[in-house]
Amino acid sequence: MSSGTIDIDEFENADADEFEERNDTEQIVLFLDDHDDRAWKAATIAERLGLDTDAVSAILSRLKERGLVRHKRPYWAITDNKERLQSAYRLHRHHKTADDQYGEERLEDLQTDEMEDVQ
């Protein structure tokens, strides 16, 4: 797709949201979910997705804190709690829909003079 075009058969057979840009976290979760029969090293995930290894490691750590991935050094796998994963995905979609509809919130736009400056 880097050329800006795709084959018409690929276009016709694709899901409606298949070509939508996904952020790094979404790409990692979808990759692990699509390959839920395997556990992966962070570097391999990064290589497969064309992402920075350090960024992938940081994202995986945050996903682990939320119970969305499992980790046994040095391997990572998607959670086996499909209900938790589906719940997280629904929440993510609600936030994305709200951002699309109302615009993304920026903390500096929400601050008032009474708020303490957090850094």
Side-chain angles (χ1 to χ4, degrees):
M1 282 195 348
S2 62
S3 68
T5 67
I6 60 170
D7 182 85
I8 195 65
D9 291 330
E10 182 180 355
F11 172 80
E12 292 295 342
N13 294 321
D15 292 333
D17 66 347
E18 188 167 332
F19 305 117
E20 187 177 315
E21 290 291 320
R22 297 197 184 334
N23 68 35
D24 294 351
T25 302
E26 291 171 316
Q27 288 184 61
I28 292 167
V29 170
L30 289 171
F31 176 83
L32 290 174
D33 193 38
D34 287 345
H35 301 90
D36 63 353
D37 60 332
R38 305 195 63 76
W40 302 80
K41 290 183 177 181
T44 305
I45 296 168
E47 180 182 315
R48 290 279 189 102
L49 297 176
L51 301 173
D52 178 74
T53 301
D54 291 337
V56 169
S57 294
I59 291 168
L60 287 167
S61 293
R62 287 194 304 270
L63 290 169
K64 182 181 176 201
E65 289 172 8
R66 293 189 279 183
L68 298 175
V69 297
R70 298 173 284 163
H71 180 56
K72 290 183 182 178
R73 194 169 300 213
Y75 295 99
W76 297 87
I78 198 71
T79 181
D80 55 0
N81 185 339
K82 295 302 180 182
E83 186 176 313
R84 182 171 186 80
L85 187 60
Q86 289 170 348
S87 177
Y89 182 74
R90 280 192 304 272
L91 180 61
H92 169 73
R93 294 307 301 167
H94 287 302
H95 283 276
K96 183 154 180 43
T97 299
D99 285 348
D100 291 346
Q101 188 171 3
Y102 303 110
E104 291 186 39
E105 290 181 348
R106 295 176 350 134
L107 181 59
E108 54 271 11
D109 293 341
L110 302 173
Q111 286 181 320
T112 65
D113 292 337
E114 292 83 35
M115 291 177 72
E116 184 177 320
D117 194 22
V118 178
Q119 293 182 5

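Because only heavy atoms are used, hydrogens play no part in the values below, and waters and symmetry mates are left out as well, while side chains stay in.
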Residues 65-73, side-chain donor-acceptor partners within the protein, below 3.5 Å, at least two apart:
from, atom 1, to, atom 2, distance (Å)
Arg70, NE, Ile78, O, 2.9
Arg70, NH2, Ile78, O, 2.9
His71, ND1, Tyr75, O, 2.9
His71, ND1, Trp76, NE1, 3.4

Value rounded to 0.5 Å, distance of CD1 in Ile28 from CG in Asp33:
13.5 Å
Would a distance-only check, ignoring hydrogens and angles, find a side-chain to backbone donor-acceptor pair under 3.5 Å from Glu26 to Asn23?
yes
Residues forming a salt bridge (charged side-chain N to carboxylate O under 4.0 Å, His left out) with Asp24, sequence neighbours excluded:
none
List, one per line, each side-chain donor-acceptor pair under 3.5 Å for residues 39-59, sequence neighbours excluded.
from, atom 1, to, atom 2, distance (Å)
Asp52, OD2, Asp54, N, 3.1
Asp52, OD2, Ala55, N, 3.1
Ser57, OG, Thr53, O, 3.2

Contact check, side chains of Asp34 and Phe31, non-hydrogen atoms, under 4.5 Å:
no
